[in-house]
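The structure appears below as structure tokens.
Sequence lines set the chain letters: A, B, ... in the order given, protein chains first and strands last, and positions in each chain run from 1.
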2 protein chains.
Amino acid sequence: MLKNSEFVSKLRNSGLRPTKQRLKICEVLFNRDKTFHFTINELAKNISQKFDEKISLATIYNTIHAFKDKGYLKEITISSDKSYFDTNITKHHHFYDEDTNLLIDCNDNEIGKVNIKNNITGKKISSVEVLVRVASDTQNQN
Amino acid sequence: MLKNSEFVSKLRNSGLRPTKQRLKICEVLFNRDKTFHFTINELAKNISQKFDEKISLATIYNTIHAFKDKGYLKEITISSDKSYFDTNITKHHHFYDEDTNLLIDCNDNEIGKVNIKNNITGKKISSVEVLVRVASDTQNQN
DNA sequence: CATCAGTTTAGAACCATTATAAATTATATT
DNA sequence: AATATAATTTATAATGGTTCTAAACTGATG
């Protein structure tokens with residue numbers, strides 16, 4: 001739950017000008033009690049419902065990518081036709097409900113540490129992501 | 001390393017007619033010593049290099065999806081703009097080299113069992129996938 | 001060999017994302 | 001405060017991977 005002035009300094013500190021578009025997007029994304037997941041499409045709808053003045057889709061893409069690059073968002077890839085973003089930027093894993101297309105954060109109690117025993121020579125691990133797909137009992141299993 | 005007559009029965013057994021296009025694709029995908037990863041694009045190139053008669057891109061998509069549905073291929077999603085397929089259909093995990101965009105299978109020695117302690121009520125786990133992104137030491141970490 | 005459902009095909013359509021280039025805005029400078 | 005600048009926004013076009021369409025073709029069946 002940050003307020004406007006905090007967004008301004010947050011943006012400025014990372015070399016992004018606090019434009020009114022970016023501040024609106026901050027408000028939608030970060031002025032909340034809980035973290036959440038969204039697609040660009042959902043975000044665009046959300047913004048147009050919340051504000052009178054529209055934000056161009058190009059700006060939404062630009063801003064989300066800038067925020068991702070600055071580490072304010074994580075991108076989660078579920079399938080090639082669906083890209084989700086997550087305002088929870090801590091290391092964590094996900095359940096993906098194939099019936100509802102909803103992402104659910106796992107906490108550490110739910111998935112134990114993933115133990116990676118080998119390295120690729122000369123390479124550093126940049127992330128470890130676990131995706132647990134779930135579906136109602138009647139669905140096919142892979 | 002299967003041969004042509006084996007592809008014919010493999011296809012017939014799963015209710016797919018053994019057309020010459022499908023048999024060619026089988027040859028490219030399954031007539032090998034080792035499993036491998038590919039994108040549709042790479043596959044299409046591979047086919048056009050190997051055979052004189054071209055196979056329409058639509059047919060390649062249709063066939064790959066049919067093979068995936070029948071369980072002859074797995075799809076691995078790395079990012080929203082890159083969909084990989086894997087001829088290794090056993091349960092396993094992946095390293096993804098961000099420098100070269102290459103996927104590498106993990107064997108069980110490399111990643112221990114992922115321990116999932118909680119379930120989503122009324123849902124069944126349909127898959128558990130671990131993706132370990134790696135990059136050269138100089139790259140950014142997330 | 002006639003039939004029919006399954007398959008292939010070229011090309012159009014689709015849709016999410018990115019690029020473009022002109023207008024606008026935030027910030028630094030005078 | 002006015003000016004200069006670089007950053008940002010914007011509408012629109014372009015892109016690229018994938019799916020759709022509908023006509024032509026092929027494999028299996030009796």
- Do A:Lys24 and A:Lys50 have side chains that get closer than 4.5 Å, going by heavy atoms? no

- In whole Å, what is the span from the CD atom of A:Gln21 to the C1' atom of D:dA11? 14 Å

- Query: If the sugar-phosphate is the primed atoms plus P, OP1 and OP2 and the base is the rest, what is the B/S/- string for nucleotides 18-30 of chain C, using protein heavy atoms under 4.0 Å?
  - Reply: BB------BS---

- Once you round it to whole Å, what is the distance between P of C:dT8 and NZ of B:Lys24? 11 Å

- Query: Does A:Lys34 NZ have over 12 foreign heavy atoms under 6.0 Å away?
  - Reply: no

- Euclidean distance, atom CG of residue A:Asp81 to atom C1' of C:dC15 [Å, nearest integer]: 10 Å

- Item | Whole angstrom value for the distance that separates P of C:dT7 from CD1 of B:Ile64 | 15 Å

- Item | A:Tyr84 OH to C:dA16 C1', straight-line distance once rounded to whole Å | 14 Å

- Taking the side chain from A:Asn13 and the backbone from A:Ser9, do they hold a donor-acceptor pair closer than 3.5 Å? yes

- Ring geometry between B:Phe67 and B:Phe30 (parallel below 30°, tilted from 30 to 60°, perpendicular above 60°): tilted

- Can you check the A:Lys82 NZ to D:dG17 P distance for me, whole Å? 20 Å

- For B:Ser56 and C:dT8, is the shortest distance between a side-chain N/O and OP1 or OP2 below 4.0 Å? no

- Starting at the 5' end of DNA chain C and moving along, which residue's nearest nucleotide shows up first, B:Ser80 or B:Ile55? B:Ile55

- Using the ring of each side chain (for Trp, its six-membered ring), is A:His92 parallel, tilted or perpendicular to A:His94, with breaks at 30° and 60°? perpendicular

- Take atom NZ of A:Lys54 and atom C1' of D:dT10, then tell me their distance rounded to the nearest Å. 9 Å

- Message: What is the distance, to the nearest angstrom, from the CG atom on A:Leu43 to the C1' atom on C:dT17?
- Response: 15 Å

- Task: Determine whether B:Ser48 and B:Lys54 make a side-chain contact, defined as any pair of heavy atoms from C-beta on separated by less than 4.5 Å.
- Result: no

